[in-house]
Visitor: 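One structure, pasted below without further comment.
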Amino acid sequence: MNPPLAVDIAFILLALFAVYTGWRVFRTDSMVRASFFLLLSFIAVGAIMLLLSAMYLGAAMFFMMGVEMMVMALFMVMFMMNPAGLNPMMMVHQHRLAIGAGIASFVIVAAMALLARFPHRPLPADLQEVESLGNELLGESMLIFESAAVVLLATMIGVVVLSSQRGRYGNAGEGSMPPGLDPGGEPAGMPEKDDEDDGGHHHCH
Amino acid sequence: MILDQLVWPLALVLAALVLGPYLLAVLDGLVARGLGLTRGPGLWLAPLRRGAWWLIQHTNVTEAPDGRAWRLAPALYLALAAGGLALVPWSRAWVATDIATSLVLWGSIEALATVVIFLQGWSANTHLTLVGAYRYVALGLSYILVSMFVLIGVALPAESLALTQVIISQQELWNVLRQPLGLPLFLIVGLAITFRGPFNLADSTDLAGGTSADVSGAQRLVWEFARSAMLVAFSGIATAAFLGGWLGPWLPGPLWVAFKMLAVLALLAWLGPAFARLTPEHCVSLMWVVLLPLAFVDLIWAGVEALS
Amino acid sequence: MTLTTVLLLAAALIGIGIYGALSQQSFVMLMMGLELILNGVMLAAVGFWAMSGAGAPEGQLLTIVVMAVMAIEMAMGFALVVAVYRGKQADVTEAIADLRH
Amino acid sequence: MAVSWLARLAACAPVPVFPALGMRGEEALYRLALSPEIKLVDSPRHASLLLVAGGVPPSMQQALRRVHDQFPAPFTTLWYRSTPLVELPRAAVTTVDSLDALPGALVESHGSLLRNTVGHSPRLLPDAPPHPWQGLGDDGHGGEGMMGGVPYGRPMAMPPTEDLRDGLALDVLTFRLGPFFPLWPPGLEAEVILQGDIIQQFSVQSSPFPRALAPVFHEAREQSVAIAALERARARHHLQALFHALHLAGLEGLARDALRLADRCPSGDIALLAKWFKTFERRMKRRGFFALHLPERGALRQEQAERLGGFAARAAGIDRDARTEDDGYRRLAFATITQQAGDTRARWRQRLAEIAQAFDLAARAQRDDMRTAQTDAVETPRGAWRDSRPGGTSPLLEDLLPGLEWGEALASLASLELAALSPWPREERAETQMGGAA
């Protein structure tokens with residue numbers, strides 16, 4: 001089965017796009033942009049899944065990642081403490097090691113892809129892929145599917161407990177202390193110590 | 001062959017994309033006249049006049065926006081609306097995007113719409129637009145959940161995620177009667193996702209226009225057009241999922257679809273301005289405490305009905 | 001579009017993801033790296049399913065499980081970030097050198 | 001050719017006007033809201049005409065310049081009973097002094113703007129950020145590292161106070177709004193700190209312009225006046241305030257109806273007015289103005305309510321009304337209405353009840369031609385006017401608004417009257433005065 005040329009071209013473009021946007025995630029100034037670049041990468045991979053005729057998974061990928069990256073972007077804005085997440089950032093540690101590890105893992109996995117011999121067993125022409133997935137989920141693999149659901153429920157409860165304001169030991173914010181700007185330095189940005197006031201922060205309408 | 005699979009469906013999608021928002025604007029004008037907001041002749045010309053004014057007005061610049069995202073967001077929203085319209089089956093053969101999982105794809109359009117609306121408000125880098133964007137994101141998830149449960153309900157009797165199968169399954173009885181909760185819930189979500197009427201929290205008056213408060217000119221034209229187009233896409237999906245799509249006596253299928261879409265649009269245009277805007281708090285409670293349980297009930301109803 | 005090219009793309013995504021997960025100081029950015037790794041894994045799984053598994057439904061099932069893992073990873077990650085933030089008002093990994101109190 | 005065709009089409013569209021209200025500029029707003037050829041907008045980005053109505057004090061001219069520069073081209077300015085900024089070229093300025101000529105003048109300006117016969121208004125301020133660029137990065141958002149420095153002279157988003165909602169001090173947004181923000185009283189300028197859309201801090205920078213009342217209230221301080229005229233003016237005042245609240249709620253049709261009713265107040269048949277108002281009130285309830293839109297928030301504390309006086313105090317359960325001291329009212333068996341909750345919803349219930357009461361009092365007073373008996377205390381819609389006029393009370397917003405969601409805060413703001421009472425009455429047009437004398 002030779003896929004038509006158009007599919008090949010689409011695949012190459014989508015693959016390049018997925019890698020480029022995946023790379024931009026760690027190279028952009030704004031966190032919101034970073035998470036939306038990641039979303040674009042996911043969308044490209046989802047489209048490739050559609051090309052691979054995984055109709056349900058491709059569409060579900062758009063769906064899941066749309067919501068997930070939106071939440072991600074919002075958390076980025078909230079935690080990075082800067083107006084709407086529009087500050088530049090290049091906050092990295094162990095940079096060389098990370099680059100090395102990234103390249104090494106790429107080389108290893110790529111070598112596996114190139115050197116290993118996988119059987120060539122394409123999709124049968126009459127495969128109803130959505131139907132077969134549904135039968136699998138609610139048939140033989142019911143247990144896996146259901147346990148995933150239970151784990152998700154447990155996660156939800158755990159997450160609410162972890163992040164709620166009043167935990168088992170009283171108010172979670174009690175005695176909290178911001179870190180210093182440099183390791184071991186004075187706590188930064190505490191409201192009452194805000195003496196480095198600026199000229200004026202007016203933005204008029 | 002090509003005519004049936006490509007040319008006619010695409011032509012219909014394009015026609016709906018252009019005519020739909022225009023007709024919606026005319027319907028809005030009709031409702032506004034009923035409320036005593038406008039008078040005099042020119043009902044059919046009013047949307048064109050407004051559009052011409054937006055074309056003449058220059059697009060403005062805010063201080064240090066995320067330029068690309070800001071200019072792109074309205075176009076992306078329009079693209080999503082077009083994608084939604086492409087899923088609507090016009091007749092058994094005329095479907096622009098006939099894939100086996102069109103209901104899931106529609107769900108992803110709703111999810112990506114959240115991203116685009118956030119982008120529109122965030123990238124302008126001004127305060128009121130950003131507040132509008134935050135509001136929409138805080139509420140968007142509950143909209144998507146309600147709509148997805150309702151749509152799973154119509155997929156059950158069809159035993160398929162494809163809209164064409166959903167329509168075929170309605171040959172005996174339309175889903176609007178078989179699952180009476182479905183259509184009202186879906187239409188409420190439609191108003192919410194295009195933020196109209198009582199659900200207009202993203203582009204609301206208290207934010208001086210919300211996510212489009214700092215948008216002018218052609219960019220605003222595209223944004224408003226896309227909002228209307230999204231509602232048209234919604235009416236198309238509602239038609240297919242609940243009103244039997246192309247099914248109907250005497251007339252050819254595509255005409256039936258168009259009539260039903262228009263009827264849904266008229267209903268939504270009338271409902272929109274009929275109620276005061278909810279406070280965000282009320283909206284959250286309404287979605288999670290009232291509509292989401294109702295969607296569960298609808299789903300259980302659909303399941304029991306499909307089993308019997 | 002062959003299995004090898006799909007796997008190469010997956011390898012590239014995993015490589016970038018590992019770089020991100022190791023290099024980023026911010027929690028949320030670190031999670032983005034993890035997501036990118038899982039992205040590559042899902043693509044590889046679907047590639048195997050389509051080209052080497054003759055459409056066995058387990059291939060798709062694996063991808064769905066990975067998606068669930070992603071959701072769990074993200075939810076737990078954010079909960080941890082919130083908990084740490086409450087305690088330290090920081091969202092960088094160095095801030096939790098000791099998580100004992 | 002194509003452009004002129006487009007321009008001719010656009011010239012027939014409703015004229016998008018952004019009103020910048022100065023002192024005593026409200027009458028222009030109420031007039032334009034009822035003109036179908038005018039569309040009032042809330043953002044300068046959506047308008048082609050800047051209408052400056054009323055006097056702008058010199059201290060606010062810089063803010064006016066900033067509003068002016070936010071208009072996208074093409075646009076021009078129109079000045080109603082106001083002195084144009086000196087640096088504006090003659091061609092971009094139209095001045096109008098008559099209310100009746102105002103809608104026509106706006107339509108005319110819009111048309112000639114599109115026909116290119118009047119000059120576009122030029123930019124007045126340099127197109128530069130208010131503070132020099134101080135950061136790094138391609139887009140100049142400034143800052144370095146996590147704490148980020150002071151991009152564009154604005155502080156990093158560090159919370160000034162404990163977070164009010166969930167203890168997570170996140171997503172802080174500081175900005176300044178006013179004095180021409182159309183959704184709150186003209187003249188009010190405030191620095192707002194939001195977290196998400198919850199108001200964290202609200203500091204008033206300048207108070208709203210003093211509010212002018214109908215002349216009959218001023219007359220009542222000097223001589224005995226007809227109670228009917230007084231009550232009609234009161235109903236009118238509240239109905240005009242209702243316009244803002246309904247506009248905020250997105251109920252444009254009802255907002256216009258409130259203004260139409262207000263316009264009929266001075267001279268309309270009182271029985272008919274009362275009947276119309278009753279249907280109007282029913283429609284308002286049916287549309288969910290109370291149930292859906294008004295928050296049960298923004299409650300005044302006892303001493304705040306007392307300081308504010310008037311309907312706001314009565315909505316908080318304080319049974320105090322200067323009309324009870326007047327013999328004329330006593331003969332009409334006047335009894336004060338009160339609510340208990342003292343929040344935004346209760347305030348509007350109170351004001352609507354007071355409108356209905358005003359119509360009722362006016363109907364009975366008109367029948368017997370009753371007049372006020374005393375002049376040393378008059379109950380104005382703003383509160384009791386005894387030895388001194390009710391003053392501005394906008395600083396209480398700093399206490400009232402934090403913790404409210406932005407929309408709820410604006411709804412609460414619209415339910416209050418915080419401006420001081422102007423020492424000069426509003427100019428009434430001839431027909432109104434005739435109605436008042438009748």
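Keep in mind that the numbers below use all heavy atoms, side chains included, and drop hydrogens, waters and symmetry copies.
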Visitor: Is there a side chain to side chain contact (heavy atoms under 4.5 Å, CB included) between Phe48(C) and Arg121(A)? Walk through the geometry before answering.
Guide: CA-CA 9 Å; Phe48(C) 276 120; Arg121(A) 281 181 300 180; over 6 Å; no
Visitor: Name the region of Met72(A), side chain, backbone, both or neither, that has any atom closer than 4.5 Å to a heavy atom of chain C.
Guide: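 Both backbone and side chain of Met72(A) come within 4.5 Å of chain C.
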Visitor: Check whether any side-chain N or O of Ser52(C) sits under 3.5 Å from a backbone N or O of Phe118(A) as a donor-acceptor pair, and report yes or no.
Guide: no
Visitor: Kindly give the heavy-atom pair with the smallest separation between Leu8(C) and Ala110(A), and that separation in Å.
Guide: CD2-CB, 3.5 Å
Visitor: So which atom in Thr63(C) and which in Met49(A) form the shortest heavy-atom distance, rounded to 0.1 Å?
Guide: CG2-CE, 4.2 Å
Visitor: Is there a side-chain contact between Phe78(C) and Val71(A) (heavy atoms, below 4.5 Å)?
Guide: yes
Visitor: Side chain from CB out, backbone as N, CA, C, O: work out which of these in Met61(A) comes under 4.5 Å of a heavy atom of chain C, or both, or neither.
Guide: both
Visitor: Between Leu137(A) and Gln60(C), is any pair of side-chain heavy atoms under 4.5 Å apart?
Guide: no
Visitor: Please flag which part of Thr5(C) lies under 4.5 Å from any non-hydrogen atom of chain A: side chain, backbone, both or neither.
Guide: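 Interface part for Thr5(C): both.
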Visitor: In terms of heavy-atom contacts, does OH of Tyr56(A) have more than 12 from other residues, nucleotides or ligands at under 6.0 Å?
Guide: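 Atom OH in Tyr56(A) is not packed in, count stays at 12 or less.
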Visitor: For the CE atom of Met42(C) and the CD1 atom of Ile48(A), what is their distance to the nearest 0.5 Å?
Guide: 12.0 Å
Visitor: Is Leu36(C) close to Ser41(A) at the side-chain level, that is, under 4.5 Å between some pair of heavy atoms?
Guide: yes
Visitor: Heavy-atom pairs under 4.5 Å with chain A - which of Ile14(C), Val65(C), Leu61(C), Val69(C) has more of them than the others?
Guide: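 Heavy-atom pairs under 4.5 Å are most numerous for Leu61(C).
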Visitor: Between Leu7(C), Asn39(C), Val46(C), Leu9(C), which residue shows the highest count of heavy-atom pairs closer than 4.5 Å to chain A?
Guide: Asn39(C)
Visitor: Any non-hydrogen side-chain atom of Thr4(C) less than 4.5 Å from a side-chain atom of Leu114(A)?
Guide: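 The answer is yes, as the side chains (C-beta and beyond) meet within the 4.5 Å cut-off.
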Visitor: What part of Ile144(A) lies closer than 4.5 angstrom to a heavy atom of chain C: side chain, backbone, both or neither?
Guide: side chain
Visitor: Taking all non-hydrogen atoms of both residues into account, name the closest pair between Trp49(C) and Ser53(A) and its distance.
Guide: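 Residues Trp49(C) and Ser53(A), closest heavy atoms: CH2-O, 3.6 Å.
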Visitor: With a 4.5 Å heavy-atom cut-off, do Phe26(A) and Ile16(C) have their side chains touching?
Guide: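 Answer yes - side chains close enough.
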Visitor: Nearest 0.5 Å, what's the CG-CG distance between Leu52(A) and Leu3(C)?
Guide: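 Those atoms lie 9.5 Å apart.
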Visitor: Please classify the contact between Met156(A) and chain C as side chain, backbone, both or neither, with a heavy-atom cut-off of under 4.5 Å.
Guide: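 Neither; nothing under 4.5 Å.
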Visitor: Would you compute the distance between atom CD1 of Ile103(A) and atom CD1 of Ile18(C) and round it to the nearest 0.5 angstrom?
Guide: 12.0 Å
Visitor: Heavy-atom distances under 4.5 Å only: say whether Leu38(A) touches chain C with side chain, backbone, both or neither.
Guide: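 Side chain only.
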Visitor: Look up atom CE in Met70(C) and atom CE in Met64(A), then write down how far apart they are to the nearest 0.5 Å.
Guide: 7.0 Å
Visitor: First locate atom CD1 of Ile64(C), then atom CG of Leu57(A), and finally report the distance between them rounded to the nearest 0.5 Å.
Guide: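 If I round to the nearest 0.5 Å, the distance is 5.5 Å.
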Visitor: Can you give me the closest heavy-atom contact between Ala148(A) and Ala68(C), atom names plus distance?
Guide: CB-CB, 4.4 Å
Visitor: Which bit of Phe11(A) is near chain C, if near means a heavy-atom gap under 4.5 Å: side chain, backbone, both or neither?
Guide: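 Answer is side chain: those atoms of Phe11(A) sit under 4.5 Å from chain C.
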Visitor: How long is the span from the CD atom in Glu68(A) to the CE atom in Met67(C), to the nearest 0.5 Å?
Guide: 9.5 Å
Visitor: By a 4.5 Å heavy-atom criterion (distance strictly below it), what part of Leu13(C) contacts chain A: side chain, backbone, both, or neither?
Guide: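 It is the side chain, since no backbone atom gets that close.
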Visitor: Please determine, among Met51(C), Glu58(C), Met32(C), Met31(C), the option with the most heavy-atom pairs under 4.5 Å with chain A.
Guide: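 With the most close heavy-atom pairs to chain A, the winner is Met32(C).
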Visitor: Would you check, one step at a time, whether the test side chain to side chain contact (heavy atoms under 4.5 Å, CB included) holds for Ile99(A) with Leu22(C)?
Guide: CA-CA 9 Å; Ile99(A) 293 178; Leu22(C) 287 179; over 6 Å; no
